[in-house]
Visitor: 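Submitted below is the structure of interest, expressed as structure tokens.
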Amino acid sequence: MTTSSLTATDHDAQHKYDQSRRDLCLNLNEVLNNLIGLRDFNKTWPIHYPTPPRPTPRPKFQQSWSNGSNRATPIESPEFSDDESMMTGSTMVAGSSMTGSSRDIRGSMHTSQQFSVLKLDLDLFNAAHMDASDRVRSLGKEYMVASLMDEKIGSSVTHLRSLLNRMEDTSSKILVTGDLNAGKSTFCNALVRRKVLPADEMPCTNIFTEVLDSSINGGVEEVHAVHRDAVYNRRDRSTYDILPLDDLETLVVPPPPEEEQPPEVGHAKYAQCKVYIKDARPKEESLLHNGIIDIALIDSPGLNTDTTKTTAIFARQEEIDVVVFLVSAMNQFTQTSTQFIRAAAAEKDYLFVVVNRFDAIRNKERCRKIILDKIESLSPATFKEADDLVHFVSAACVPIEGEDDPRVHPTKELTDEFAALEDSLKRFVLGRRARSKLAPARTYMINILKDIEVLGAVNADAARAELEKSTNELGDLDPRLEQSKETKTEVTKQIHNLVDKAYTNIEEQSSVAINEAIQHAGSGDLGVPYPGLFGALQYAEDLKDAMVSHIMETVLLCEDEARTKTVKCVNIIKQLGMKHVGTEYQALKFDSEIMYQDQKDEDDRHIEFSTELSDFIDLSTLLQSKEQTGMAVTTVATVVGAGVIGNLDSLSMAFQAARLLGNEAFRWVVVRGVLTAAVAVGFLILRQIPKSLPHRLTQRIAAQLEREKYVDRNAKRISTKARKVLRYPTTHLITGLDKSVNKLEVRRHEIVEVRDGSRTALKYFTNLVQSSAARRRAIEKVDLDGLV
Ligand SMILES: Nc1nc2c(ncn2[C@@H]2O[C@H](COP(=O)(O)OP(=O)(O)OP(=O)(O)O)[C@@H](O)[C@H]2O)c(=O)[nH]1
């Protein structure tokens with residue numbers, strides 16, 4: 001048997017490969033950072049996405065008809081009127097504090113067709129809109145696009161990480177797969193020239209078994225049975241159990257159906273196992289121990305074992321570098337294997353096909369033709385290089401350590417064929433590594449960077465437009481805001497002055513008027529006639545009532561005056577409100593009649609005053625009329641015969657003289673005189689009542705009201721009520737002015753946020769476009785073709 005060997009060219013290729021791998025890994029880390037940054041940016045400045053032009057709906061589809069009831073009810077097609085502009089060949093925004101149209105980049109050169117990796121499934125989006133439930137509608141397009149984009153970037157990040165893992169994994173993974181009993185385990189054993197894996201006519205490989213060179217495991221031969229659900233880490237003993245190689249059969253071969261294995265052993269406990277073996281052959285001959293790369297040979301359960309296992313094999317393709325597909329020359333391609341090859345061909349371009357058990361075929365040429373025809377249809381690339389990639393062999397003819405004789409007689413033809421296979425496989429594994437490990441990462445990165453460039457350009461345009469719009473809006477808004485603030489200050493001042501002035505004026509005028517009314521309560525014609533001496537008491541009472549009423553009426557007049565002034569003020573406030581706040585002030589109504597209707601008003605207005613006997617004696621009036629008094633006394637004295645009395649002054653002197661002299665006769669004269677004078681004075685008092693009573697009452701009422709602070713109390717009450725009434729429209733107007741200013745300030749804040757956000761976005765996306773383009777060019781320079 002000939003052995004294949006790796007030349008200096010292979011080592012040179014390895015060096016180049018390492019260099020390219022390093023370059024791509026570095027770039028991939030940067031692309032990852034860019035994507036993570038973009039994903040974060042999408043959270044603060046929702047990304048725009050170009051939407052495809054929406055075909056104009058045919059008229060008959062503009063309405064759909066409910067079939068849920070007998071009566072056909074027209075249902076309007078879901079309309080997203082504000083979306084229209086965004087759905088017709090423009091860009092769709094994931095969300096914005098600006099209105100939809102503000103982020104509508106009409107005439108954008110970019111379309112969703114330009115995307116390959118970051119392409120959003122807008123059919124899903126549109127379908128969601130068409131079926132929009134209230135909840136979806138309320139979430140709106142912002143939520144939809146933002147989350148779609150977030151999801152898309154998230155899955156790209158995951159994919160990039162797996163590509164990175166694959167590039168960083170220096171080993172090459174060869175998945176040996178194929179139908180049940182195709183001879184996979186026998187083939188693996190033949191490659192390592194040792195009976196490592198159990199091979200039998202009965203289905204025997206039940207879990208993935210990875211054969212590796214023991215040099216990776218410190219030169220120790222053993223089996224690492226990886227716990228189900230654990231991620232294998234050779235340095236973490238908790239992820240696997242160590243078993244001797246001899247136990248592999250128990251581990252890999254499924255138990256007979258009737259025997260149920262306890263959960264702590266075998267298949268129930270382990271999902272896969274790693275088998276570290278020594279290959280004593282020289283590096284030039286050994287596949288595993290080749291001196292260039294670590295190779296993992298993965299034996300898998302037969303494809304048609306069961307669905308779960310088949311799915312697992314399909315899923316592992318992503319981490320696999322080379323797929324060696326074993327097909328039995330006797331059974332050829334089953335349906336599952338056909339499906340598998342199709343899927344693998346889409347991912348890998350090239351497959352390594354081993355047609356095993358060829359010894360058992362009599363008409364070898366016919367078999368060869370049938371199989372090659374099939375491969376041509378399933379994987380044209382593999383077919384084109386069939387000489388290297390498709391091998392017709394008998395794995396069972398290879399002599400292996402631990403077996404006395406090969407199961408199949410090793411004819412020269414079979415031996416040579418297997419040696420050719422080994423040689424091709426080594427070159428394929430080494431040579432295709434660039435393609436299998438690096439090319440997917442390179443292609444994916446170039447594609448995603450192109451997408452980022454387009455997305456960046458779209459968003460830079462959007463940010464530029466938004467920046468311009470918000471800057472213009474601010475230019476318009478700022479003078480309005482300034483004006484609004486000035487108006488607020490001026491009108492507030494004006495309105496306070498107005499109310500203060502009205503208040504002071506009402507108080508002052510009320511005070512003067514009431515005071516005047518009190519001081520002159522007794523003057524003028526009060527309409528109360530003096531009925532004469534016998535009606536004096538009633539007269540006093542009527543007079544008092546008239547005076548009190550006069551004062552109270554004056555208070556009422558002051559209230560009327562205050563009402564009029566308040567109404568005037570309300571009207572001025574209304575005008576100011578209509579001018580500066582809004583037409584809502586048109587409806588401002590004020591019922592002045594309800595002012596001064598409270599019990600307190602009644603109480604404050606009321607005067608409680610009672611007449612007294614002393615009110616009839618007004619000394620000042622008497623003294624003012626002493627001439628008349630004197631005359632009266634003389635008249636009375638003459639009548640009674642006492643000529644000594646000339647006037648009231650003489651009378652008082654007479655009393656004094658009588659007291660001094662003690663003369664009886666004189667005393668009598670004096671007593672008579674005094675009595676007469678008293679009668680005369682009484683007479684005079686009674687005669688003076690019409691004059692003295694109003695004066696006396698006025699004085700007393702004034703004094704009482706002074707004590708009660710009647711004037712101040714009422715003036716204050718009247719003005720305070722007016723101020724209180726004016727408080728509502730005043731506060732309302734000031735609040736209205738405040739609201740106008742606040743509204744503009746809030747709007748300004750929003751616009752400033754949008755402006756700052758779009759400024760940051762413009763900078764971010766411009767840089768992103770440039771750095772992505774530069775990175776893409778650098779990645780395009782990484783030449784993988786030379787490595788193949
Ligand atoms: N005649 C012949 N028999 C072979 C050849 N290769 C394998 N066999 C036999 O085919 C049977 C199945 O071989 P395995 O290696 O266990 O097949 P497998 O694909 O690993 O089987 P599963 O793991 O159960 O899917 C065994 O009895 C082998 O001895 C071959 O080249 N020629």
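Atoms considered below: every heavy atom in the structure, side chains included; atoms not considered: hydrogens, waters and symmetry mates. Order of listing sets the numbers, starting from 1, for every ligand and every atom in it.
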Visitor: Would you please test Y444 and H159 for ring-ring contact (aromatic ring centres under 6.0 Å, His included) and show each step?
Guide: CA-CA 9 Å; Y444 191 80; H159 189 66; 4.6 Å; yes
Visitor: Is K119 paired with D451 through a side-chain N to carboxylate O contact shorter than 4.0 Å?
Guide: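 Salt bridge absent between D451 and K119.
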Visitor: Determine, using heavy atoms of A182 and all atoms of ligand 1, whether some pair is separated by less than 4.0 Å.
Guide: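 Yes; A182 lies near enough to ligand 1 that a heavy-atom distance drops under 4.0 Å.
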Visitor: What do you reckon, does S300 have a nitrogen or oxygen under 3.5 Å from a nitrogen or oxygen of ligand 1?
Guide: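 No.
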Visitor: Checking ring-ring contact (aromatic ring centres under 6.0 Å, His included) for the pair Y240/Y270: CA distance, chi angles, key distance, verdict?
Guide: CA-CA 8 Å; Y240 61 91; Y270 308 112; over 10 Å; no
Visitor: To the nearest 0.5 Å, tell me how far L35 CG sits from S772 OG.
Guide: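 Those atoms lie 9.0 Å apart.
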Visitor: Give the atom numbers and elements of ligand 1 that come within less than 4.0 Å of a heavy atom of A396.
Guide: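 Matching atoms, with element in brackets: 4 (C), 5 (C), 6 (N), 30 (C), 31 (O), 32 (N).
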Visitor: Is the CD atom of E221 crowded by more than 12 outside heavy atoms at less than 6.0 Å?
Guide: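 Yes.
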Visitor: Quick check on contacts: which atoms of ligand 1 are under 4.0 angstrom from a heavy atom of A395?
Guide: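 In order of number, 31 (O).
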Visitor: Is ligand 1 under 4.0 Å from a heavy atom in the side chain of A199, in the backbone, in both, or in neither?
Guide: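 Both parts.
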Visitor: Report, in ascending order of atom number, the atoms of ligand 1 lying under 4.0 Å from any heavy atom of V408.
Guide: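 Counting from 1, the qualifying ligand atoms are 1 (N), 2 (C), 32 (N).
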Visitor: What part of D359, side chain from CB on, backbone N/CA/C/O, both or neither, has a heavy atom under 4.0 Å from ligand 1?
Guide: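 For D359, the contact with ligand 1 is made by the side chain alone.
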Visitor: Counting both backbone and side chain atoms, is some N or O of D299 under 3.5 Å from an N or O of ligand 1?
Guide: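 No, no N or O pair falls under 3.5 Å.
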Visitor: Can you check ring-ring contact (aromatic ring centres under 6.0 Å, His included) on H391 and F358, steps first, answer last?
Guide: CA-CA 10 Å; H391 293 267; F358 203 51; over 10 Å; no
Visitor: Assess the side chains of R342 and Q339: does a donor N or O sit below 3.5 Å from an acceptor N or O?
Guide: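 No - no donor-acceptor pair under 3.5 Å links their side chains.
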Visitor: Between ligand 1 and F358, is the shortest N or O to N or O distance under 3.5 Å?
Guide: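 F358 vs ligand 1: no N/O contact under 3.5 Å.
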Visitor: Identify, by atom number and element, the atoms of ligand 1 in contact range of K184, meaning under 4.0 Å from any of its heavy atoms.
Guide: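 So the atoms of ligand 1 that pass are 15 (O), 17 (O), 18 (P), 19 (O), 20 (O), 22 (P), 25 (O).
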Visitor: Please work out which of T186, L326, V354 has its closest non-hydrogen atom nearest to atom 13 (O) of ligand 1.
Guide: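 Of the listed residues, T186 has the closest heavy atom.
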Visitor: Hey, is N181 touching ligand 1 through its side chain, its backbone, both or neither, going by heavy atoms under 4.0 Å?
Guide: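 It is both parts that get close, each with some atom under 4.0 Å.
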Visitor: Going by atom types only, do T334 and D179 share a side-chain donor-acceptor pair under 3.5 Å?
Guide: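 There is such a pair between these side chains.
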